[in-house]
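Please read the structure below before turning to the comments.
Reminder, nothing fancy here: chain letters follow the sequence lines and each chain counts from 1.
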8 protein chains.
Amino acid sequence: MTPEILRELLTAVQHGTMDIDAALDRLKVLPYEILEDATVDHHRSLRQGFPEVVMGEGKDASQISSIVERIAAVGANVLVTRVDEEKAHRVLVDHPRMEHNPRARTMTFIQREIQIVGRGTILVISAGTSDIPVAEEALVTARMMGNLTEHMYDVGVAGLHRLLGQKEKLMSASALVVVAGMEGALPSVVGGLVARPIIAVPTSVGYGASLQGLAALLGMLNSCAAGVTVVNIDNGFGAGYAASLINRL
Amino acid sequence: MTPEILRELLTAVQHGTMDIDAALDRLKVLPYEILEDATVDHHRSLRQGFPEVVMGEGKDASQISSIVERIAAVGANVLVTRVDEEKAHRVLVDHPRMEHNPRARTMTFIQREIQIVGRGTILVISAGTSDIPVAEEALVTARMMGNLTEHMYDVGVAGLHRLLGQKEKLMSASALVVVAGMEGALPSVVGGLVARPIIAVPTSVGYGASLQGLAALLGMLNSCAAGVTVVNIDNGFGAGYAASLINRL
Amino acid sequence: MTPEILRELLTAVQHGTMDIDAALDRLKVLPYEILEDATVDHHRSLRQGFPEVVMGEGKDASQISSIVERIAAVGANVLVTRVDEEKAHRVLVDHPRMEHNPRARTMTFIQREIQIVGRGTILVISAGTSDIPVAEEALVTARMMGNLTEHMYDVGVAGLHRLLGQKEKLMSASALVVVAGMEGALPSVVGGLVARPIIAVPTSVGYGASLQGLAALLGMLNSCAAGVTVVNIDNGFGAGYAASLINRL
Amino acid sequence: MTPEILRELLTAVQHGTMDIDAALDRLKVLPYEILEDATVDHHRSLRQGFPEVVMGEGKDASQISSIVERIAAVGANVLVTRVDEEKAHRVLVDHPRMEHNPRARTMTFIQREIQIVGRGTILVISAGTSDIPVAEEALVTARMMGNLTEHMYDVGVAGLHRLLGQKEKLMSASALVVVAGMEGALPSVVGGLVARPIIAVPTSVGYGASLQGLAALLGMLNSCAAGVTVVNIDNGFGAGYAASLINRL
Amino acid sequence: MTPEILRELLTAVQHGTMDIDAALDRLKVLPYEILEDATVDHHRSLRQGFPEVVMGEGKDASQISSIVERIAAVGANVLVTRVDEEKAHRVLVDHPRMEHNPRARTMTFIQREIQIVGRGTILVISAGTSDIPVAEEALVTARMMGNLTEHMYDVGVAGLHRLLGQKEKLMSASALVVVAGMEGALPSVVGGLVARPIIAVPTSVGYGASLQGLAALLGMLNSCAAGVTVVNIDNGFGAGYAASLINRL
Amino acid sequence: MTPEILRELLTAVQHGTMDIDAALDRLKVLPYEILEDATVDHHRSLRQGFPEVVMGEGKDASQISSIVERIAAVGANVLVTRVDEEKAHRVLVDHPRMEHNPRARTMTFIQREIQIVGRGTILVISAGTSDIPVAEEALVTARMMGNLTEHMYDVGVAGLHRLLGQKEKLMSASALVVVAGMEGALPSVVGGLVARPIIAVPTSVGYGASLQGLAALLGMLNSCAAGVTVVNIDNGFGAGYAASLINRL
Amino acid sequence: MTPEILRELLTAVQHGTMDIDAALDRLKVLPYEILEDATVDHHRSLRQGFPEVVMGEGKDASQISSIVERIAAVGANVLVTRVDEEKAHRVLVDHPRMEHNPRARTMTFIQREIQIVGRGTILVISAGTSDIPVAEEALVTARMMGNLTEHMYDVGVAGLHRLLGQKEKLMSASALVVVAGMEGALPSVVGGLVARPIIAVPTSVGYGASLQGLAALLGMLNSCAAGVTVVNIDNGFGAGYAASLINRL
Amino acid sequence: MTPEILRELLTAVQHGTMDIDAALDRLKVLPYEILEDATVDHHRSLRQGFPEVVMGEGKDASQISSIVERIAAVGANVLVTRVDEEKAHRVLVDHPRMEHNPRARTMTFIQREIQIVGRGTILVISAGTSDIPVAEEALVTARMMGNLTEHMYDVGVAGLHRLLGQKEKLMSASALVVVAGMEGALPSVVGGLVARPIIAVPTSVGYGASLQGLAALLGMLNSCAAGVTVVNIDNGFGAGYAASLINRL
């Protein structure tokens, strides 16, 4: 802890075991270390079984490989998101121990066993079959961050019985990620049924007036069900991450 | 019928009971009469117990009064939409026999008894209390056009049991008008429950990202339930009118 | 009927022919069956000669083939929408009995003869040659759902005589689907001529300020002709489906 | 003409009747005079019977009065646009000779008789009654700029017979201004009937998805009829001005 | 519990203490009770010290008064949001025991002592002075729902030292609500400092390109800090509610 | 002329040389012929040396070839717009006599010598080198429609001297087409220099906040220079066509 | 300077004149002081003759008065922006020494003589008369921050000679603020004439497609003249401030 | 200088060594030369060690090569922006002496040694790794225009310590270019730390609600830090150019 370090330093100066210039050099970098400390608190939590995350989109296979290389060297688990099939296969040549989840478009490198740090279960729900990749990204993220997860796919609002038929699963989750494209109505319906934090993820699934997911995004922001919060379009990772923070409390 | 009129005219010419110039004058206006005939078909249907409609917004009380005056003179029923309280009271001074519905913001002048021309019942559903004025406008329109109507208010998607608790009413309608603001999810849920034509009406109810009803509009256009069609924001009249056309079949 | 089932069950309990645990097991699933019943009403209607529908966009040929396989096994007719030429040819290898309509970008599998369940004729109108694929999608959908259909193509508002020259066809339809891109003005003109339900379909045909069909969509939502309702951009299927619901009344 | 002025100046220098410093002073301002000449060409044309124009919106009555004062002093005709009733009455106190047109929201001060400089007739057409103020602004502008005008109001596309019933008027115009709100379809229909330059004016008439006239604007920009050009929403003045330039050729 | 109720009912039928028609009547409403049960779970949690919430916007003082009347009758606490000064004073005439918080634009009626049900502290942070009303709405909501709260106002990103100077408060919160208008950058900065769930609330504070809060909303949805979720513009209540759900875990 | 035809017909009926049924058959089609006549007026003018126009975008080479085939058969001149290099070369195989202008992306088939029907010269101005294809499309269109043309390229507003250095050309045009992307400011500057009709064409040239030409479009619609009218983004053809209508007066 | 302070502190500890706990207390706040130092650098510069700035919009007269009170107490100059007439008059009652500039909608309190710290002259240019308030806000801001200023109003691009006629003023400025509404073309033209930093300010002047200043904003962001940077719509203060930072270099 | 040239000319006329027609010819082109002089002032500054700039996007390799050829012939330095790898390699075949910077996507041809004309250092900061290409474009531009530069990459607002750890570099810049995508918050944070002109560059980095850089653009325009001005999305060149103009003062 910083206060202890400071006391030691001052005692050393008082006792003459450290001269003033050495103390000065040490102190000069201190403010940033303290700031760093603020952010390191963030990093530390990440390291408590949490993976380092690499956004695969916009990076080629060799860039991904070398980043994974570097992270893996410090012993952390790695989660790569948004890797298409071809890129994944190229990365697998360099890192054959990585696991590739084509539905989630993720690659994971688990060097240290993931410890369950979440108190309850994170439930990921998706409306249509085309929304599944985003839902899976959330699911993989939540698992990599030490959570028990459940999922419930293809339960769109035009077929309510499929959703209501799984009442127990709905009721027993401690945080829910609800993924939907098109009109994005599912989070409102789920939010009317359970009194738990719901993270809504709009997807770019749809055409025409879906405006690449904007319609779903606007729908979710205007949800008539309180307790619904929203992340960016297709941001399964962000939803899984936020749900993990909630579940870790 | 036009062919008959033409045959009479030609016969008159053949028999010399009408001279050529008189026939010519008559024929000159014919094309437009025939076109008129096309549109008159439309007007005729309107007159089969249907009201003449006056959009009250953008007109002052005296303008409304004199239009009503003119229509009433030909014996037609009149429906005035979007009249606020103050304007309505002024119009009532001139037309004390008119009925003012403040919730629907309508005024009606029923000179001829409305005959029921619709085959089934038109059901108007609304999500929140603030959506009721638009729903009522649809309801009044449907009634003025000769339909039996039912309504079901305050059945938003965040409280499904209120909607599902009235299954019979839902199932027995021949056409449904579903009114909702905010995320506009209700038509999708209703569309998943009944296989009847659904006219969705987005409302400008909401704030911020509701964008004055655009979010609800986009949501409804992207509905995952087939059979849903959409009208302009707050257009209760248009929905009631379209439902009447459907029910009249 | 559910009440009968319940009465039988209770009588069996009363008579001791069913023990309480068995009755309990039966009752536990009842609520969802009743809900299911609500939605099954929807499915049932779909099965009355109606096809199962597969959205081909976003699915590859093998995915489509296996879905068709599964549906075909239960004896239903199948309608696949938005299949491009190449995909269609691959699916045809697996399902040589399917019919491919390249203009409509549809594939159909008709196992049971389609019964005409619509009362009148559905008329599909389109403005420009580029709008025809969307119009054809509506037409194929309406036919697969048991309707008599007519069509009238290339009758844009800049050449009114082509539209007005087919007055009889216009007047005799019981529901109309009107397809147009660019400024989307055709539904207003048609809506001024016939007093029938009109479903307007904006298309993404155009460039620049057409904003991928948004201009046409907005135009149709603001139609000055009452009775016009609107579906999503390029949503020929949705329009054909809604017209079928209207015509089935 | 500038070359003559230059020759005179140079001759004066050659002859010694003007010294070099005086010539230099004169030449220094010359380039801007020449530029001015370019723009003066514009002003000159404006003065050939054309009025000076004052945008009344955003100016109070006293500002308008004093601008009119200043222009009137040089003997030009004045056109003030976008003056509401109250403002107009205040300006009339200062300028009782001005004419106020409340429908067009214009005031005009005609000091010199307007000479007809246009070759043909400018026809102003409007779709709905609410579009008339914008149409009248165009009409007044065209008249003030020396044109013969005709108008045709309330001929929306949902009632084609009203438009087609006045074929002669349509065919005989040399330039047309077509004013419409809501879906803005009228210019396309008119453009399909006459082969003359058409200036389309979208109006802010409408609600909801009309987006304060943007829907009509987009519709007109996407017109399927060639020969249609567009001005800003509610810009009756601009349309009347452009039509005058066209008619003056 | 439903199974127990069912067993009792069946036993009564078996034992002949309840006849079949009475059982049938009871069972008929069961499905909806079970559904209700799903939603009641939601309501129940609301009642565990949670208030009933009334959206004051769009309701006049007498409407608010009578709704409060009705809720108060059942003994629940009441939270009214978005009441302006004038409306509040009128409501206070009817309900003098209510507390009016003008900064938060809320009124509260606390009949039962609020029990602390949250595990940690909810920290509400706001960027500018104009954002405070929205922040206060979140704060009041969180308190009414049984949470300990802290706040930190006027710590915009252009003056980082004010934010960083309160590191302890930042680090000790279990959930954070971060309120900002204009560019909406604060949640990203806070999200980089603490590893806790952050609910970002964009406000309509700003002008021009802030587009009534859309700029802040977009900024927050694109936050580069993971763990940030977003609610609608100015939705302080929604943020306070979601933070309460998170903190209650 | 129709009246003459009618008189002949009626005389024939009167004289008994035509029986009533024959007259009736003839009269039945008359209205549409008259309508046709209205539109034929349009077509006729098109044929007075004007080309038939084919939009090449969205059509493949064989479709273009066969349309050209069909038009060419009736002896009309043909203008194909928006043909890329590859498509053009394929069409040239079928129609080696066509002329391909790669800069304008047009193909033309001139069977009948183009007669000059315009009174003055149409001047096409463009701002940047990337705007030239759109400018050339306007130029080719204007020439095919029988106009003398001039052009002035690369005279953007950031280099005014290039524009002002060609004052004579500017001043002598009877109609101007001004093409610009990015901020679209050129029409305003030109409109301040000449008092002639100006048709502004926004182009999709630009990136980021140019929004595919929307920025230029909006700029032009808001031009502070009166007399500027606007066509759709990249619509060189429409501008050339409208300029031709203007010049033909 | 921080290092000196640290050395003193350490020397005091070394010499025993400060005990460790006192040193520790001192060091604990150091990081924030250093951060503060970073931002104070900013504040310091503000105080070098720079005013404290108060945004008057959204604050009532009494709030403004008390803020001015507080700032005035520390002896700083004060600039209040966006104060309307009525508000200004109320503030003047409390602060009669303040100067009110109604055109700029500013109030200033100059306690210490403003020292000229800018190297050259800041020139503020505006396009139309309605743009002057924003231009004046920039001008007042620049003066309050210690700059010599010039202005040039009503020099829109449709009247180039007015701009070009003042070449000397244009050429002699060290930084330019260019204010324009409608199409926002002026900065591009000015940017083509002078090679100095140009800050473009779009204004909300215009109507219809000006979209409350968005058209001008987009135009300026797409300027074809390099060296143009842009601030928010109507942000005269921001432009004056940025110009002052540039001129101070 | 023009006045000298004019005096010589007039003197020659006075002395008879130049006849009037020759003088007239000379004077006729003068206005444009003077205008040219206005713009040449701009060009001249560009030539003071400044490069000629070629926008590589939308031009193919051979077009770039020939433009470079032409510029190089007059001895100027050349900067080509937005050249992808493939294009660059083709251009290098023609111009092997050019330097290709793949990260900045630039090519430069330095024929004359670049002289440092800037007074201080231009610091280019970027938020994420994906923003680096735009940052590099700004950096290369600033260097080519004769400035000392520094850069600081990957200092996003979610990791403040990385930014604050380089306080000296931040404080010592005379102008800053700050590049960021996603929420675009970095310029506000930097603007709160340094009192220097900051040019903010939004990038198209992001997905979904980033709207291709619009979110970042809006964020920057709404920056709560005064002194921030903004250029178009991805416009690294424009930012580097504007920073050079600022630094040259």
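Note: A:Asn235 leads A:Leu214, A:Asp234, A:Asn235 in heavy-atom pairs under 4.5 Å with chain H.
The nearest pair of heavy atoms linking A:Leu217 to H:Ala209 is CD2-CB, 4.0 Å.
Within a 6.0 Å radius of CD in H:Gln111, other residues, nucleotides and ligands contribute more than 12 heavy atoms.
Counting only distance, with no hydrogens or angles, the side chain of A:Asn232 and the backbone of H:Tyr207 share a donor-acceptor pair below 3.5 Å.
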